[in-house]
Structures are given as C-alpha cells and as structure tokens.
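A short write-up of the structure that comes next.
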Amino acid sequence: MKIKITIFLAIILTVQISTHLVIRSSHSAENTIDSKSQTSGSSGGGASANQSVSTDNRVRILRGKEIFDKMEEQDPMPGHNPQVSGQMTQVPVLSLYITNKIWDGLSKEQQIDYTYYAESLIPYVRANPKEYVLISKSAPLYDLFVQKTRDLCKDCCSIDLLLPGKDAQLELEKVLLQGDTPWGSD
C-alpha cells in the first residue's frame, strides 16, 4: 500500500511540475527570484531579484527555500546539497537530497513548494558552475564538467530520497521526481 501511495504521489507531483514547467516556459530560464538575496543563509539562489516571476511562483519558491533552510540542520549531504551529477551523460541534473523522514513529514503542498525551489536554483548553478563540480580542478575532465554544469537545462533538476544504510550512512534510495528533460533521457 505504501508503494502505491508513493507512486501515486510521485505521479501527481510530476504532473504538477510538468504543468509548472509549461507555465514557466513563456519566461526565459533566468526568470526566477534570487532567493539568496531575498533571505540570508542560503547556499544558492536564482537569477536577479529584479526579474519577473509571478507572485504565486515567488511565494512557492520562498516556502520551498524555508523548507530547505530548516532542513540544513538535518542536511543529509552536508556541503553537497544540492549537487550536480551526471556530467558524463548528455543530461546532467541538479539534485536536492532529502531524507524519507523529512519528505514524509511534508504536506503535498510543501513537497510541491520544494520542487519549485529546486528548479529556481538552476540559474544560480549555471552562473556559478565551479561551485557544483566535485572533481579536482586538475582533473582532465574538469573544464568539461564546468561547461556541462553551465549549460544545465532549465528543468534539469531532481529531488532524491536518501535512506539510512549500513553504519548509519545515507544511501540513495530513489529519485522522487525530476524535470521532463532528464525524465525523457532515462
């Protein structure tokens, strides 16, 4: 029963994210708020706060950021949340990690707000790609990884669920949801 509910919730959230992406497609990818300048203590933000984002989206993004900020005390990936992975693939993805306990404690509305926040980070990541490349600067593929991160598509984000594994280490359980572009490349 729990699996069916989780799948149902994932389908609903995917549909709502897809609807959100269609609505946002009329805006340029940089039309998002700078949550970094709106509130303090963030590890990332969007583009300039002067750019237009609908009030409803701005509220959703800020509520999602509040969830992320509260979660920092229990951050499942300290120093690496969010992170870009898959730079060796055609479609790298910005991943926000969350534990099952935190995700299950969020209402459906809060889960949706969290996805809006995840997507709002993409312009910031594009503008600051070196912060999200986790290999050594001397590695032969470093410049390629920086470029692929800079070219991240506007919906290349995911929310990934982590569960406690052996020795209390967190392990990736599954991708809860992701944008249409990476979804289509799987």
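Being a predicted model, the structure only gives us computed values, none of them experimental. The analysis underlying the following values was restricted to heavy atoms, covering all of them including side chains, and did not include hydrogens, waters or symmetry mates.
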Check your understanding: Are Ile67 and Leu106 close enough that some pair of their side-chain heavy atoms sits under 4.5 Å apart?
Key -> yes
dist Asp113:CG -> Lys108:NZ (nearest 0.5 Å) comes out at 12.0 Å
dist Asn128:CG -> Lys130:NZ (nearest 0.5 Å) comes out at 10.5 Å
- [ ] Take Glu109 and Arg60 through the salt bridge (charged side-chain N to carboxylate O under 4.0 Å, His left out) test and state the conclusion after the steps.
- [x] CA-CA 9 Å; Glu109 192 72 21; Arg60 284 188 168 278; 2.7 Å; yes
The residue among Cys156, Pro129, Pro92 that forms side-chain contact (heavy atoms from CB on, under 4.5 Å) with Thr149 is Pro129
Q) Regarding Tyr117 and Glu66, is there a side-chain donor-to-acceptor distance under 3.5 Å anywhere? A) no
(message) Given 3.5 Å as the limit, does a donor-acceptor pair link the side chain of Arg126 with the main chain of Leu152, or not?
(response) yes
| task | Could you check if a side-chain atom of Arg63 sits within less than 4.5 angstrom of a side-chain atom of Tyr116, using non-hydrogen atoms only? | result | no
Joining Ile, Leu, Val, Met, Phe, Trp and Tyr whenever any side-chain heavy atoms lie under 4.5 Å apart, the cluster holding Val175 also takes in none
| field | side-chain contact (heavy atoms from CB on, under 4.5 Å) between Leu176 and Ile98, intermediate numbers included | value | CA-CA 10 Å; Leu176 290 169; Ile98 192 165; 4.1 Å; yes
To the nearest 0.5 Å, atom CD of Gln90 lies from atom SG of Cys153 at 12.0 Å
Using modelled atom types and a 3.5 Å cut-off, is there a donor and acceptor pairing between side-chain atoms of Ser136 and backbone atoms of Ser138? yes
| query | Looking only at side chains, do Ser158 and Asp160 share a donor and an acceptor under 3.5 Å apart? | reply | yes
The reported gap from OH in Tyr124 to OH in Tyr132 (rounded to nearest 0.5 angstrom) is 5.0 Å
Separation between CG (Asn100) and CG (Leu161), nearest 0.5 Å, reads 4.5 Å
_Cluster check Ile61, Leu121: I/L/V/M/F/W/Y, side chain < 4.5 angstrom_ = yes
Closest non-hydrogen contact found for Tyr97 with Asn81 is N-OD1, 2.8 Å
Can you confirm whether the side chains of Gln147 and Asp151 place a donor and an acceptor under 3.5 Å from each other? yes
d(Arg150 CZ, Asp143 CG) to nearest 0.5 Å is 9.5 Å
* Hey, is the main chain of Lys65 close enough, under 3.5 Å, to the side chain of Lys70 for a donor-acceptor pair? -> no
For Met88, the other hydrophobic cluster members (4.5 Å side-chain criterion, sorted by chain and number) are Val133, Ile135, Leu141, Tyr142, Leu144, Phe145, Val146
| query | If we only count heavy atoms from C-beta on, is the Val84 to Val93 side-chain gap below 4.5 Å? | reply | no
Q | Close side-chain approach of Thr115 to Gln111, heavy-atom, < 4.5 Å | A | no
Excluding Val59, membership of its hydrophobic cluster (Ile, Leu, Val, Met, Phe, Trp, Tyr; side-chain heavy atoms within less than 4.5 Å) reads none
